[in-house]
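Counting convention: from 1, in listed order, for ligands and their atoms alike.
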Amino acid sequence: MFTTLSSPKVGLPRDLFGAIADLKRELNAVVLAHYYQDPDIQDVADYLGDSLGLSQQAAKTEADVIVFAGVHFMAETAKILNPNKLVLLPDLDAGCSLADSCPPDAFAQFKAKHPDHLVISYINCTADIKAMSDIICTSANAVSIVRQIPADQPIIFAPDRNLGKYVSEQTGREMVLWQGSCMVHETFSEKKMVQLKIQHPEAEVIAHPECEPAVLRHADYIGSTTALLNYCQKSSSESFIVATEAGILHQMQKAAPNKQFIAAPPVNNCACNECPHMRLNTLEKLYLAMKTRSPEITLPEQTRLAALRPIQRMLEMSI
Ligand code: 13P
Ligand code: SF4
């Protein structure tokens, strides 16, 4: 795992929101945040979005400092796109179970077994995996990117098996799938989902494609976090069962205050639908990161350059 630099000597101001606003001006910083962050962090973000939107923002920002309120692979992507900017992650331990499910050595061996395959990797992977990939995708553009690849070109899709299976079904393309998964999206219970549907027959089920096929088959709509947020605003339905990390409910409730949003239930009676990695970031840590300009994301230049190429291909193919 990564090393967290703590700043025990820096005290916290009474008005964290005001202090963060002051630091944004002082540092010429932009706060980019994912929907799975704590509501407080979402509320101080200059840009809030899904992985595609966040990388597009990172690619075009003119700020000197990027404060990334998300997980490590997201901040790392911002750094790959901005080698000369300071990229801060409030807690360097904010990793990702899906990225961890694809270790570079094992993936190199897997790739070597399929030498004629094009490698499309979901952005939820480390820079080392990106460096071994031809094109990066996110849940927002995976189907479209696979459709742009000539039909006779064999494809490896990594690391998320559920997204890979969903993309295969949507495109009719057989792909070799790396068997990785996200601990949060695999936590939803099909049985409890069906019970919930019986209790709320009027509700639409909306789900992220990282969910297992058993959950996805009950979904009325499947999409990235931004797509889910847009869908629940424009749908005529008044209530939704939401199968993704529970942090997005904050934006859904803000965007459609008169609608009802019900978090899909996990298998156990736990808060497993909250990503423990994302939730390592707090507003306090975000303030401290800005105040102390650490912890910052760094990576070897050779890896950065190799990882940049497939990210740029994704951005070009997503226009
Ligand atoms: P998107 O926001 O791109 O849909 O991704 C969800 C996710 O799991 C991020 O970790
Ligand atoms: Fe990774 Fe899943 Fe958390 Fe997203 S929700 S950061 S895929 S562990």
With a 4.0 Å cut-off, would you call Asp43 and Lys254 a salt bridge?
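Result for this pair is yes, salt bridge flagged.
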Under 4.0 Å from any heavy atom of [X], which atoms of ligand 1 are there?
{"X": "Ser139", "answer": "1 (P), 3 (O), 4 (O)"}
{"X": "Glu210", "answer": "6 (C), 7 (C), 8 (O)"}
{"X": "Asp50", "answer": "1 (P), 2 (O), 3 (O)"}

Short version for Tyr36: what comes under 4.0 Å of ligand 1, heavy atoms counted, is side chain
Checklist entry - Does Glu245 have a heavy atom less than 4.0 Å from any atom of ligand 1? => result no
Of Glu186, Glu212, Glu210, the one forming a side-chain hydrogen bond (donor to acceptor under 3.5 Å, both in side chains) with Asn162 is Glu186
Among all the protein's non-hydrogen atoms, which is closest to [atom], and how far away is it?
{"atom": "atom 1 (Fe) of ligand 2", "value": "Cys96 SG, 2.3 Å"}
{"atom": "atom 4 (O) of ligand 1", "value": "His208 NE2, 2.7 Å"}
{"atom": "atom 2 (Fe) of ligand 2", "value": "Cys182 SG, 2.3 Å"}
{"atom": "atom 7 (S) of ligand 2", "value": "Asn124 ND2, 3.2 Å"}
{"atom": "atom 3 (Fe) of ligand 2", "value": "Cys275 SG, 2.4 Å"}
{"atom": "atom 8 (S) of ligand 2", "value": "Ser97 OG, 3.4 Å"}

Under 4.0 Å between heavy atoms, the region of His277 that gets near ligand 2 turns out to be side chain
Side chain proximity check, Asp40 to Leu286, heavy atoms < 4.5 angstrom
no
Distance alone, cut at 3.5 Å: any donor-acceptor contact between the side chains of Thr138 and Ser51? no
- Message: Regarding Ser224 and Thr226, do their side chains bring together a donor and an acceptor under 3.5 Å, going by distance alone?
- Response: no
- Can you check side chain to side chain contact (heavy atoms under 4.5 Å, CB included) on Asp220 and Phe240, steps first, answer last? CA-CA 10 Å; Asp220 299 294; Phe240 301 86; over 6 Å; no
### Task
May I ask you to decide if the ring planes of Tyr36 and His185 are parallel, tilted or perpendicular, using 30° and 60° as cut-offs?
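Ring orientation, 0 to 90° scale: tilted.
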In terms of heavy-atom contacts, Thr225 and Ile248 come closest through O-CD1, 3.4 Å
query: Does Glu210 come within less than 4.0 angstrom of ligand 2, counting non-hydrogen atoms of the residue?
result: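 Yes.
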